[in-house]
Engineer: 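The structure's right below; bear with me while I get my questions together.
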Amino acid sequence: MTEAFALELGGDGVATLLFDLPGRKANIFTRESLAELERRTQELAERRDIRVLLLASAKPDIFIAGADVDEIAGVTEPAAAEAGSRYGQGLFSAWAALPFPTVAAVRGTCLGGGTELSLASTWIVVSDRPDLRMGLPEVQLGIVPGWGGCVRLPRRVGLIAALDMILQGKGVDGRKALAIGLADALLPDAGFAGYAREFARSKIGAPLPRRGPKGLRGVVVDANPVGRAFALKQARKRTLARTHGHYPALLRALDVVGRGLARGEGEGYDAETRAIGELAVSPTTKNLIHVFRLIEQSKKSGADDSAPPPEVRRPAVVGAGVMGGGIAALIADKAGLPVRIKDVRPEALATALGHAGELLDRRVRRRRLRPAEKRRRMALLQPTLEDEGLEACDLVIEAIVENLEVKQGVLADLGRRAPGAVLASNTSSLSIDAIGRSVSGRERVAGMHFFNPVDRMPLVEVVAGPQTSPSAIRTVAAFARRLGKTPVLVRECPGFLVNRLLAFYSAAALWLLDEGYRVEEIDGAMLEWGMPMGPLRLADEVGLDVSAKVAHVLQDAFADRLVFPDWLDRLGAAGRLGVKSGLGVYRYDGRRERGVDPAVYEAIGRPATKRPGADRSALADRLVLPMVNEAARCLEEGVVEGPGPLDLAMIFGTGFPPFRGGLCRWADGVGLAVVVERLEALTATVGKRCLPSDALRRFAGAGGFYAAAT
Ligand code: NAI
């Protein structure tokens with residue numbers, strides 16, 4: 001078998017251990033590569049000719065991406081998970097005890113076990129490339145760092161910085177790593193290997209570094225048990241408020257870190273191992289790994305296309321409103337392409353440029369972007385009131401008003417002007433087929449449905465009308481990926497996938513309001529369930545006028561089962577439009593929410609008759625089960641390719657809680673037979689809008705959504 005590590009010793013006593021996992025793009029700790037590292041470490045411990053050892057990666061963008069997720073996924077017994085944690089801890093302790101200093105030379109991504117091995121090294125140097133990330137993302141998989149990270153990180157960077165890294169699970173760049181004391185030197189990326197070697201050579205015979213947080217924080221928090229306890233308590237409070245206790249790994253990480261600091265390294269390692277034993281086999285971890293895999297699969301899909309789509313070089317956006325402005329900014333920022341942005345109103349163009357500038361400025365302030373780079377990206381935006389210049393475009397994204405006749409006219413015109421372009425509409429409720437009706441070459445018309453706010457929502461629904469060609473779909477999907485988005489392929493239907501499912505959720509919320517439940521109870525139920533915001537707060541965000549319009553479109557399409565209360569239009573009347581008008585179901589001060597508007601009940605003519613203290617999990621059921629019911633229909637109709645893409649779309653398009661694994665996976669976990677029963681029970685009380693669909697019954701008969709897909 002080809003080896004993953006190669007050792008080279010220079011005449012000056014500087015040795016380099018180069019990690020290059022054969023056949024893989026990333027260095028990861030598989031069972032085999034760990035065993036090899038163990039063997040190497042044992043051999044190294046005997047060497048007397050090495051004066052300093054440099055650990056480096058042969059992969060251009062990755063140092064070490066962490067442990068093999070498949071290994072974690074496959075663990076079913078706590079004892080096996082504990083053994084895995086003990087093994088890594090032992091190996092990294094042996095690495096830390098080598099008889100010469102070690103230097104981790106981190107260039108590119110360094111995650112999980114990679115960071116833990118770096119922490120076990122004497123020194124860490126990092127490159128200044130802006131995309132470098134060094135971190136401990138274990139909590140994102142529902143576990144805690146289990147190879148000594150919970151013990152070593154706080155000792156190196158202090159409790160507060162360590163908690164930031166472990167609880168957020170996000171990596172830091174090189175500059176931040178240096179600032180918090182994680183790295184000892186920030187080296188230029190060009191010529192990094194040479195600088196790192198020079199650093200290592202300078203450490204031959206040098207005294208060992210004195211670690212630990214310095215300054216006021218070091219005295220008040222790290223060196224003071226009362227300060228530490230206070231910091232841990234505060235972090236716990238914040239975590240509970242943020243997660244409603246749905247991510248047990250976060251609370252365990254706090255316990256483990258606290259124990260390691262209070263009782264010493266040995267007890268810290270023991271606590272880490274116990275936490276891994278319990279967490280690695282938990283349903284939350286299995287769900288989060290499921291989501292991780294869905295994301296990985298989605299990145300890969302399309303990569304093996306026999307004929308890769310033609311590369312987009314000259315994109316244009318028509319309509320510079322909220323969405324079009326955001327999309328054009330994204331193209332300049334992420335694809336680095338010049339982009340024409342056309343509107344009929346000069347003020348719309350000015351606003352769009354203003355917003356793009358603000359977004360980039362924010363990154364400049366956070367030192368994520370250099371000012372010169374911001375100017376370069378802004379210069380890529382080419383605002384225009386004219387149609388000239390669209391001829392040469394290969395992709396035109398349409399984001400004008402949501403009006404079928406207007407869109408048809410504009411698309412037909414675009415089709416004539418840009419005969420070679422794929423025409424992608426960002427419509428949220430109109431038919432792609434209808435929009436493209438008068439376009440010559442209808443097969444090049446597709447949907448490219450972004451979500452608001454464009455810069456933050458990771459999903460793009462790539463919609464195929466009955467005439468859309470596979471090549472147009474591939475072009476749009478590949479371009480969405482290039483913009484950093486996750487495309488999910490959807491077959492045309494009213495509301496496409498996400499808004500269609502959300503319509504059932506939102507109708508259920510309005511019916512609860514109709515029954516006399518308070519807004520706080522309805523939205524609170526979903527917040528506790530894990531959604532980032534409640535359905536009524538979401539309606540305010542979308543705009544109550546827009547929500548009502550979409551509701552009517554979908555009610556017409558699914559009249560047999562989707563019904564909204566007849567007071568729906570009253571909700572969005574009299575200037576009560578949601579966040580944008582400062583008043584909706586809630587009140588707002590700018591974008592800041594100021595609590596439920598007590599007058600909302602009067603506005604809809606339905607008093608809040610139910611006492612506070614409703615069974616929130618029953619309420620959540622009433623909101624989520626109708627979506628499951630409709631998801632079954634979507635799958636059976638082939639609106640989406642399977643439960644995996646459906647789950648990914650819901651997570652990335654609505655913030656559906658990842659710890660539940662996705663809508664279908666959650667429903668499978670409850671058991672579809674139970675879902676059917678609960679819907680039947682609801683039908684008995686609220687009527688046929690909750691009637692389980694035949695599709696759902698068939699999936700239940702097949703043992704679940706995922707079982708039916710395999
Ligand atoms: P908007 O009203 O903010 O912007 C529309 C822009 O199109 C305006 O600036 C208008 O001047 C311009 N326009 C109108 N006719 C035009 C023409 N013939 N040529 C060039 N420009 C023209 O609307 P918004 O919210 O940006 O929506 C645009 C599209 O995106 C709609 O189809 C909407 O359904 C869809 N969408 C909206 C979302 C949202 O949350 N706002 C989310 C996803 C999709």
Side-chain angles (χ1 to χ4, degrees), residues 316-330 339-356 382-390 393 396-418 423-432 434-436 438 445-463 480 485 488 490 494-500 502-503 506 533 538-554 577-580 584 649 652-654:
V317 177
V318 177
V322 176
M323 299 302 289
I327 296 166
L330 197 68
V339 50
R340 296 186 79 78
I341 167 157
K342 194 227 150 164
D343 205 288
V344 288
R345 295 181 305 125
E347 60 277 20
L349 293 170
T351 311
L353 290 188
H355 280 158
Q382 303 171 350
T384 176
L385 295 166
E386 313 297 332
D387 285 329
E388 274 73 51
L390 291 175
C393 286
V396 183
I397 301 171
E398 170 277 308
I400 64 169
V401 280
E402 188 76 342
N403 175 307
L404 181 59
E405 287 78 44
V406 180
K407 280 199 200 282
Q408 278 174 331
V410 167
L411 268 266
D413 187 47
L414 285 171
R416 277 189 296 275
R417 278 184 189 279
L423 306 177
S425 174
N426 184 45
T427 179
S428 44
S429 63
L430 300 172
S431 148
I432 298 300
I435 290 176
S438 320
V445 180
M448 187 175 194
H449 184 215
F450 288 84
F451 288 72
N452 190 9
V454 175
D455 61 311
R456 273 192 279 144
M457 297 299 285
L459 180 70
V460 170
E461 286 180 322
V462 178
V463 188
K485 302 294 178 194
V488 168
V490 176
F496 308 139
L497 176 66
V498 170
N499 285 344
R500 173 166 165 184
L502 278 181
S506 147
M533 67 173 64
L538 177 65
D540 267 3
E541 200 66 36
V542 172
L544 292 178
D545 50 342
V546 177
S547 298
K549 205 169 137 190
V550 174
H552 282 297
V553 172
L554 295 180
L577 303 182
V579 183
K580 62 188 167 193
F652 280 170
T654 74

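Indexing begins at 1, ligand by ligand and atom by atom, following the structure's order.
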Engineer: Tell me, do Pro383 and Leu353 make a side-chain contact under 4.5 Å, heavy atoms counted?
Structural biologist: yes

Engineer: Report the nearest protein non-hydrogen atom to atom 30 (O) of ligand 1: residue, atom name, distance rounded to 0.1 Å.
Structural biologist: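 Checked against all protein heavy atoms, atom 30 (O) of ligand 1 sits closest to Asn426 ND2, 3.0 Å.
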
Engineer: Please write down residue, atom name and distance for the protein heavy atom closest to atom 33 (C) of ligand 1.
Structural biologist: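 It is Glu402 OE1, 3.6 Å.
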
Engineer: I need the contact type for Val410 against ligand 1. Using non-hydrogen atoms and a strict under-4.0 Å cut-off, is it side chain, backbone, both or neither?
Structural biologist: side chain

Engineer: Determine whether Ile432 and Phe496 make a side-chain contact, defined as any pair of heavy atoms from C-beta on separated by less than 4.5 Å.
Structural biologist: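 Yes. Closest side-chain heavy atoms under 4.5 Å.
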
Engineer: Please could you name the atoms of ligand 1 that Thr427 approaches to less than 4.0 Å, counting only its heavy atoms?
Structural biologist: 32 (O)

Engineer: Which of the atoms of ligand 1 are close to Lys407, meaning less than 4.0 Å from one of its heavy atoms?
Structural biologist: 31 (C), 32 (O)

Engineer: Which pair of heavy atoms, one from Lys407 and one from Thr427, lies closest together, and at what distance?
Structural biologist: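 Reported closest heavy-atom pair: CE-CB, 3.9 Å.
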
Engineer: Counting each atom of ligand 1 from 1 as listed, which ones have a heavy atom of Gly319 under 4.0 Å away?
Structural biologist: 7 (O), 21 (N)

Engineer: Within the 4.0 Å heavy-atom shell around Ala348, which atoms of ligand 1 are there?
Structural biologist: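 Near Ala348, the atoms of ligand 1 are 9 (O).
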
Engineer: Charged N to carboxylate O under 4.0 angstrom, Glu402 versus Lys549?
Structural biologist: no

Engineer: If you measure every N or O of Gly324 against every N or O of ligand 1, does any of those distances drop under 3.5 Å?
Structural biologist: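 For ligand 1, there is no N or O atom that lies under 3.5 Å from one belonging to Gly324.
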
Engineer: Any donor and acceptor pair, going by atom type alone, linking the side chain of Gln408 with main-chain N or O of Gly436 inside 3.5 Å?
Structural biologist: no

Engineer: Between Asp540 and Lys580, is there a side-chain N and carboxylate O pair less than 4.0 Å apart?
Structural biologist: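 Salt bridge flag = no for Lys580 with Asp540.
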
Engineer: How far is atom 11 (O) of ligand 1 from the closest protein heavy atom, and which atom is that?
Structural biologist: Asp343 OD1, 2.6 Å

Engineer: Does atom 9 (O) of ligand 1 have any protein heavy atom closer than 4.0 Å?
Structural biologist: yes

Engineer: Heavy-atom contacts with Val318 under 4.0 Å: which atoms of ligand 1 show up? List them by number with element.
Structural biologist: 19 (N), 20 (C)

Engineer: Would you find a donor on one side and an acceptor on the other, under 3.5 Å apart, between the side chain of Asp343 and the backbone of Leu349?
Structural biologist: no

Engineer: Give the numbers and elements of all ligand 1 atoms closer than 4.0 Å to a heavy atom of His449.
Structural biologist: 43 (C), 44 (C)

Engineer: Could a heavy atom of Phe450 be found less than 4.0 Å from some atom of ligand 1?
Structural biologist: yes

Engineer: Mind checking the CG-CD1 spacing from Asn426 to Ile327? Nearest 0.5 Å is all I need.
Structural biologist: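 Output value for this atom pair is 4.0 Å.
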
Engineer: If you measure from each non-hydrogen atom of Ser428 to ligand 1, which part falls under 4.0 Å: side chain, backbone, both or neither?
Structural biologist: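 Both the backbone and the side chain of Ser428 come within reach of ligand 1.
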
Engineer: Taking N or O atoms only and a 3.5 Å limit, does Arg345 qualify as a polar contact for ligand 1?
Structural biologist: yes

Engineer: Got the closest protein heavy atom to atom 37 (C) of ligand 1, with its distance?
Structural biologist: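 Heavy-atom neighbour on the protein nearest atom 37 (C) of ligand 1: Met323 CG, 3.3 Å.
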
Engineer: For Glu398 and Ser425, test the side chains for any donor-to-acceptor distance below 3.5 angstrom and give the result as yes or no.
Structural biologist: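 Looking only at side-chain atoms, Ser425 and Glu398 do form a donor-acceptor pair, the distance falling under 3.5 Å.
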
Engineer: Among Arg417, Arg416, Arg340, whose salt bridge (charged side-chain N to carboxylate O under 4.0 Å, His left out) with Asp387 holds?
Structural biologist: Arg417

Engineer: Between Val488 and Val462, is the side chain to side chain contact (heavy atoms under 4.5 Å, CB included) condition met? List the steps.
Structural biologist: CA-CA 6 Å; Val488 168; Val462 178; over 6 Å; no

Engineer: Could you find the nearest protein heavy atom to atom 19 (N) of ligand 1 and give me its residue, atom name and distance?
Structural biologist: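 The answer is Val344 CG1, 3.7 Å.
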
Engineer: When you measure from atom 5 (C) of ligand 1 to every protein heavy atom, which one gives the shortest distance, and what is it?
Structural biologist: Ala399 O, 3.8 Å

Engineer: Nearest protein heavy atom to atom 2 (O) of ligand 1, by residue and atom, and its distance?
Structural biologist: Val401 CG1, 4.6 Å

Engineer: So do the side chains of Ser428 and Asn499 get within less than 4.5 Å of each other, counting heavy atoms only?
Structural biologist: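 Contact flag for Ser428/Asn499 side chains = yes.
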
Engineer: For ligand 1, is there an N or O atom under 3.5 Å from any N or O atom of Val322?
Structural biologist: yes

Engineer: Starting from atom 14 (C) of ligand 1, what is the nearest protein heavy atom, named by residue and atom, and what distance separates them?
Structural biologist: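 Of the protein heavy atoms, Ile400 CB, 3.9 Å lies nearest.
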
Engineer: Can you find a heavy atom in the side chain of Glu461 that is under 4.5 Å from one in the side chain of Phe451?
Structural biologist: yes

